[in-house]
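Worksheet for the structure shown next.
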Amino acid sequence: QVQLAESGGGLVQAGGSLRLSCAASDRMFSNYAMGWFRQAPGKKRRFVAGINVIPGSKAYADSVKGRFTISRDNVKSTVYLQMNSLKPEDTAAYYCAAGLYGTTSDDKLYTYWGQGTQVTVSS
């Protein structure tokens, strides 16, 4: 089973930036499409961003488009989420996931999940 470990979460002021990292244990990391999801208390888990095996193939939720950037480093087996211009509504637990279906927003199509990292944006 692939193990995913998120890091980089924390407390940041509105308008600030944060970069999340997700390290994968699988040496075949480059074969997986990767996605980021988030879940706030009392709300549904929602898609944030996805990146395919081909780094140039990306997808973003409308709420983060233009502010967040997903990228991957296949040598380091790590996927990143650069978050800029953070807003209080971005506050949530962020999870990375790996799948074989490209940049999809359907969480059911992701096989492996990390434990999550908390992002809190203060106003």
Side-chain angles (χ1 to χ4, degrees):
Q1 182 175 333
V2 176
Q3 292 183 320
L4 303 174
E6 302 98 334
S7 62
L11 177 64
V12 65
Q13 291 182 307
S17 298
L18 209 59
R19 188 177 77 158
L20 305 183
S21 299
C22 177
S25 63
D26 201 316
R27 65 182 180 86
M28 300 301 293
F29 169 81
S30 62
N31 291 343
Y32 294 99
M34 301 295 297
W36 285 96
F37 292 78
R38 66 187 183 186
Q39 186 170 24
K43 297 184 178 181
K44 297 167 59 179
R45 182 171 59 189
R46 296 176 177 176
F47 173 78
V48 176
I51 186 168
N52 211 337
V53 174
I54 302 174
S57 181
K58 305 174 182 180
Y60 297 94
D62 289 339
S63 59
V64 306
K65 194 172 298 181
R67 298 188 297 120
F68 290 11
T69 302
I70 187 171
S71 62
R72 66 190 298 162
D73 186 333
N74 289 339
V75 175
K76 296 181 178 180
S77 297
T78 302
V79 62
Y80 304 95
L81 184 67
Q82 178 66 47
M83 305 183 294
N84 298 325
S85 302
L86 284 163
K87 305 174 181 179
E89 50 263 44
D90 294 319
T91 296
Y94 284 71
Y95 302 87
C96 68
L100 301 174
Y101 300 95
T103 55
T104 178
S105 60
D106 188 351
D107 57 4
K108 295 181 180 178
L109 297 180
Y110 289 88
T111 304
Y112 306 104
W113 292 83
Q115 295 298 308
T117 185
Q118 180 67 38
V119 172
T120 302
V121 184
S122 64
S123 60

The criterion is side chain to side chain contact (heavy atoms under 4.5 Å, CB included); which residues satisfy it with Ser71, sequence neighbours excluded? Tyr80
Going by salt bridge (charged side-chain N to carboxylate O under 4.0 Å, His left out), name the residues that satisfy it together with Asp62, two or more places apart in sequence or in a different chain. Lys65
Whichever hydrophobic residues join Leu11 through chains of side-chain contacts under 4.5 Å: none
Non-neighbouring partners of Ala49 that pass side chain to side chain contact (heavy atoms under 4.5 Å, CB included), sequence neighbours left out: Tyr60, Ile70, Leu81
Tell me the salt bridge (charged side-chain N to carboxylate O under 4.0 Å, His left out) pairs involving residues 111-123, sequence neighbours left out? none
Applying side-chain hydrogen bond (donor to acceptor under 3.5 Å, both in side chains) as the test, list every pair that has at least one member in residues 7-24; sequence neighbours left out. Ser17-Asn84
Val64 and side-chain contact (heavy atoms from CB on, under 4.5 Å): which single residue from Thr69, Leu86, Val48 fits? Val48
Students should find that the hydrophobic cluster of Val75, defined by side-chain heavy atoms under 4.5 Å apart, otherwise consists of none
For Leu109, the side chain to side chain contact (heavy atoms under 4.5 Å, CB included) test, sequence neighbours excluded, returns Tyr101, Thr104, Asp106
May I have the list of side-chain donor-acceptor pairs in residues 37-47 shorter than 3.5 Å, sequence neighbours left out?
unit_1, atom_1, unit_2, atom_2, d
Arg38, NH1, Asp90, OD1, 2.9
Arg38, NH1, Tyr94, OH, 2.9
Gln39, NE2, Lys43, O, 3.2
Arg45, NE, Asp107, OD2, 3.1
Arg45, NH2, Asp107, OD2, 2.9

Hey, is the main chain of Ala33 close enough, under 3.5 Å, to the side chain of Arg72 for a donor-acceptor pair? no
Within the distance-only criterion (no hydrogens, no angle test), does the side chain of Glu6 pair as donor or acceptor with the backbone N or O of Gln115 below 3.5 angstrom? yes
